[in-house]
Amino acid sequence: MLITIAENSGFCRGVQRAVDTAMSVPAQNTYVLGEIIHNAHVVNAIQSRGIITVNSLDEVPDGATVIFRSHGVPAAYYDECRGRGITVIDCTCGFVRNTQKIVKEQSESGRYVIIVGEATHPEVIGLLGWCSGEALVVNDPQFDFTPVRNKDVCVVAQTTFSVEKFEKIIENIKNLCEKTVAVFKTICYTTYGRQLEAAKLARKCEAMLVIGGLNSSNTNKLFEVCSAHCNNVFRLSGPEDLDFDKLKNFKSVGIVSGASTPMAQNREVLLKMEEKSTEVIAANSMEEVVAKIDNESKFKKGQIVTATISKATEDGLQILLPYSKKEILLGKDELDCDVYNADEYEGKVGEPIDLLVVELKPSLKLSQKMIKILAEEEALLGDIQNGKEFQVECTGYNKGGLTAALGTYSVFVPAKEIRPSFVKDLTKYVGKTLRLRALEVKKDSRKKEIIASQRVILQEEKDAREAAKAAKEAEFFANIAVGDVVEGKVERVTSFGAFVSVNGFDCLAHISDLSWTGAKSVTDVLEIGKTYQFKVLKVDQESKKVSIGYKQLQPQPWDLAAEKYAVGEVIHGKVVRIVPFGAFIEVEKGIDGLVHVSQISYERIETPASVLNVGDEVDAKIISLDPAAKKMNLSIKAVLPEPERKPRGERSGEESSSKRSRAPRRSDDEYSDWNEGSISIGTSLGDLLADAQKNK
């Protein structure tokens with residue numbers, strides 16, 4: 001028996017992409033809208049991963065992931081997914097997407113759209129969802145097109161429809177329609193090539209095997225084509241349907257398979273036929289055919305395959321790959337176990353094991369533990385998609401932004417998303433930890449990428465800080481008024497004052513408001529880090545400024561004068577100011593006493609300056625004290641020995657001279673401002689006073 005396998009067999013490009021995607025994307029919270037392809041074996045393999053097949057978007061939870069298969073879906077499905085936060089992995093075939101574009105544009109231009117295909121096929125249902133105007137689905141070449149005779153018509157075809165039937169329908173439409181008929185031959189060229197090859201093979205073989213899902217439209221078309229040219233055509237959904245007894249008497253058998261049939265199933269059919277008879281040969285050789293099929297059905301990186309444990313060794317497990325008689329070693333380091341024990345796995349020989357395709361070159365590498373890692377990654381990814389912050393280390397950059405990795409996902413941070421302000425030098429971020437939030441997550445099997453932003457996090461934190469600050473300031477100003485006594489901590493000092501934190505708000509205590517006696521430095525009065533009581537002096541909410549004072553809560557020197565000093569007491573002080581009617585003595589900081597010119601010496605003097613100098617230190621007796629009026633009168637001569645009186649005659653000359661030189665008497669008004677201030681210089685007058693005593 002000579003076996004010939006059609007060159008155009010197995011998955012088409014669109015189906016291959018959809019299957020690879022479904023076998024590689026994380027399974028958690030992932031759904032497929034309809035069967036990924038019309039092949040029970042493949043559908044079961046995908047479902048065994050945990051991916052759920054649903055028939056309606058209503059069955060997909062909000063925030064989940066949905067795979068749109070190669071047949072395509074109505075346009076409204078994309079809007080619904082966006083509105084419900086559903087991530088779409090779009091595996092729509094390129095040919096189908098092109099047809100969707102055509103019917104959308106033609107329908108919007110006002111043309112009547114005719115779709116040649118099966119009304120119940122998911123591709124056709126999807127195409128109808130891209131039409132905004134009238135549309136019609138036709139399957140029968142004898143359909144009566146009279147209702148569209150006077151309409152401008154656009155005709156497209158289901159990509160897997162029979163070329164022969166399509167041509168007949170087009171001819172019928174053109175014969176009846178009086179207006180423009182725009183025909184778009186949207187049948188996939190791969191489908192057309194399969195049909196031509198199937199017809200050619202059927203004409204030269206005594207029997208034909210057509211392999212593919214029983215509900216596969218393109219496989220059923222191949223069955224129709226083969227039946228038109230061969231009397232012995234057998235329909236197989238898979239290798240298990242093969243009845244070799246029905247074939248053993250044929251000298252030549254052709255094998256064709258639909259676009260949704262994996263090449264591995266063709267291989268399994270060949271191997272099964274080889275087991276039944278040694279007379280079965282391929283058109284070239286069985287080895288070449290099997291090798292060709294193996295080459296075309298290679299595993300894809302990221303795909304999960306179900307293998308069988310055949311043996312446990314010290315180095316790991318010997319496993320048998322699906323649709324293969326070849327065993328490979330699965331190293332113990334790739335098993336999902338804490339400690340590998342070959343004896344424990346001996347009891348699992350013959351059991352299935354799910355493995356992830358990690359590498360293809362230089363040799364096939366599989367891993368069980370990577371499936372667990374990916375599952376954990378997927379759980380984390382779910383949180384990330386919901387807006388959770390994540391951190392990665394920046395590993396590089398390009399002119400567009402920063403690059404990093406999170407598990408099997410690449411991470412890209414556009415330059416404008418690094419921080420709120422412009423970033424000129426990207427190199428300084430390499431090796432730094434980035435705090436990110438996902439803007440977009442791409443789960444495509446060929447490129448798993450997270451596009452993220454650090455700027456949104458930093459901006460939110462900045463906005464939150466500013467909002468909190470504004471709220472705190474509003475509360476602060478609502479609860480503070482001039483005259484209030486507040487408690488504050490000295491945070492920092494300057495030459496002009498201290499900044500004090502009052503309920504978290506910076507208030508200024510000017511240096512002039514720290515001490516009644518004046519302070520040369522803030523630290524002479526206040527200590528950084530310590531807490532004091534202050535009085536609120538001024539509140540300006542518009543400029544966000546509050547002035548406070550420390551001295552306003554302290555007693556003034558004159559307030560304590562009555563307790564500290566008494567009339568008749570002798571004080572020691574310094575001459576700080578000399579005026580024509582006397583001298584002011586600093587008793588202490590903030591308290592000056594007046595020594596009238598008449599109280600400086602027993603001997604009459606022309607002016608106080610003739611005896612005293614600013615800075616002289618003197619002893620004086622308090623002769624009157626009025627704290628309320630802030631006045632203290634002193635007498636220097638009261639602490640000096642009283643001179644001996646001279647005979648009257650001797651004094652008369654002096655008195656006349658004294659009268660001539662006596663200064664005019666001053667009224668109290670002339671020195672009423674004596675207590676307004678003082679200047680301290682600190683010079684000693686001991687010698688001058690001693691000389692004055694001698695002259696007496």
Side-chain angles (χ1 to χ4, degrees), residues 464-566 569 571-574 576-577 584-594 622 625-632 673-682:
R465 287 194 301 270
E466 291 179 351
K469 181 181 178 182
K472 193 172 182 180
E473 285 181 354
E475 182 182 4
F476 175 80
F477 282 103
N479 293 282
I480 195 168
V482 173
D484 287 351
V485 175
V486 296
E487 187 176 82
K489 181 181 179 181
V490 180
E491 297 290 350
R492 59 191 187 281
V493 299
T494 67
S495 60
F496 56 83
F499 285 97
V500 181
S501 176
V502 178
N503 293 329
F505 187 84
D506 265 3
C507 303
L508 175 64
H510 195 272
I511 192 169
S512 63
D513 290 312
L514 298 184
S515 173
W516 290 112
T517 59
K520 293 182 179 180
S521 172
V522 173
T523 53
D524 290 342
V525 182
L526 303 177
E527 186 176 339
I528 296 176
K530 283 196 173 183
T531 300
Y532 302 88
Q533 296 287 322
F534 297 89
K535 187 173 183 178
V536 178
L537 305 178
K538 183 179 179 181
V539 176
D540 187 346
Q541 185 170 358
E542 185 176 344
S543 64
K544 301 291 188 296
K545 291 182 179 179
V546 175
S547 297
I548 56 177
Y550 177 73
K551 75 179 184 181
Q552 286 77 7
L553 298 179
Q554 311 305 317
Q556 296 189 44
W558 281 105
D559 294 339
L560 302 175
E563 299 176 9
K564 297 173 64 175
Y565 304 102
E569 183 180 346
I571 60 91
H572 183 79
K574 183 185 297 183
V576 292
R577 187 154 53 100
F584 288 95
I585 309 299
E586 183 184 64
V587 179
E588 65 173 68
K589 285 287 186 180
I591 297 181
D592 289 347
L594 173 65
I622 301 174
L625 178 63
D626 187 356
K630 298 183 180 179
K631 289 184 178 182
M632 178 186 291
D673 63 338
W674 63 271
N675 60 333
E676 291 180 357
S678 62
I679 301 174
S680 178
I681 300 177

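Here, residue 1 is the first one in the sequence, and each next residue gets the next number.
- Heavy-atom minimum distance, V587 versus G593: CG2-N, 4.1 Å.
- Side-chain contact between Q541 and F476 is absent, with no heavy atoms from C-beta onward closer than 4.5 Å.
- Annotation for I528 and E491: closest pair CG2-O, 3.7 Å, computed over non-hydrogen atoms.
- Here H572 contributes atom NE2 and I585 contributes atom CD1; the two are 10.0 Å apart, rounded to the nearest 0.5 Å.
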Would you give me the side-chain donor-acceptor pairs under 3.5 Å for residues 511-522, sequence neighbours excluded?
unit_1, atom_1, unit_2, atom_2, d
S512, OG, H510, ND1, 2.9
D513, OD1, Q552, NE2, 3.1
S515, OG, T517, N, 3.2
S515, OG, T517, OG1, 3.0
W516, NE1, K551, O, 2.7
W516, NE1, Q554, O, 2.9
S521, OG, T523, N, 3.4
S521, OG, T523, OG1, 3.0

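- Scanning both residues, E487 and V502, for their nearest heavy atoms gives O-CG1, 3.9 Å.
- Here NZ of K564 is found 12.0 Å from CG of L625. Values are rounded to the nearest 0.5 Å.
- Counting heavy atoms of neighbouring residues, nucleotides and ligands inside a 6.0 Å radius, atom NZ of K544 exceeds 12 of them.
- Nearest approach of P557 to E588, heavy atoms of both residues: CB-OE2, 4.0 Å.
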Item to complete: Evaluate the criterion side-chain contact (heavy atoms from CB on, under 4.5 Å) for residue pair Y550 and V500; output intermediate values, then yes/no.
Response: CA-CA 11 Å; Y550 177 73; V500 181; over 6 Å; no
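- Distance CD1/I548 to CD/Q533: 10.5 Å, rounded to 0.5 Å.
- A distance of 12.0 Å separates NZ of K489 from OH of Y532, quoted to the nearest 0.5 Å.
- To the nearest 0.5 Å, atom CG of residue N503 and atom CG of residue N479 are 8.5 Å apart.
- Judged by distance alone, with hydrogens and angles left aside, the side-chain atoms of E569 form a donor-acceptor pair with the main-chain N or O of A566 at under 3.5 Å.
- Minimum interatomic distance between E527 and V490 (heavy atoms only, all atoms of both residues): O-CB, 3.7 Å.
- For the residue pair A561 and I591, the shortest heavy atom distance occurs at CB-CD1, 4.0 Å.
- For the pair K472 and F505, the minimum side-chain heavy-atom distance is 4.5 Å or more.
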Item to complete: Show your working on side-chain contact (heavy atoms from CB on, under 4.5 Å) between W558 and M632 and close with a plain yes or no.
Response: CA-CA 10 Å; W558 281 105; M632 178 186 291; 4.0 Å; yes
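- When each of L537, L508, V536, D540 is tested with V546 by the rule side-chain contact (heavy atoms from CB on, under 4.5 Å), just one qualifies, namely V536.
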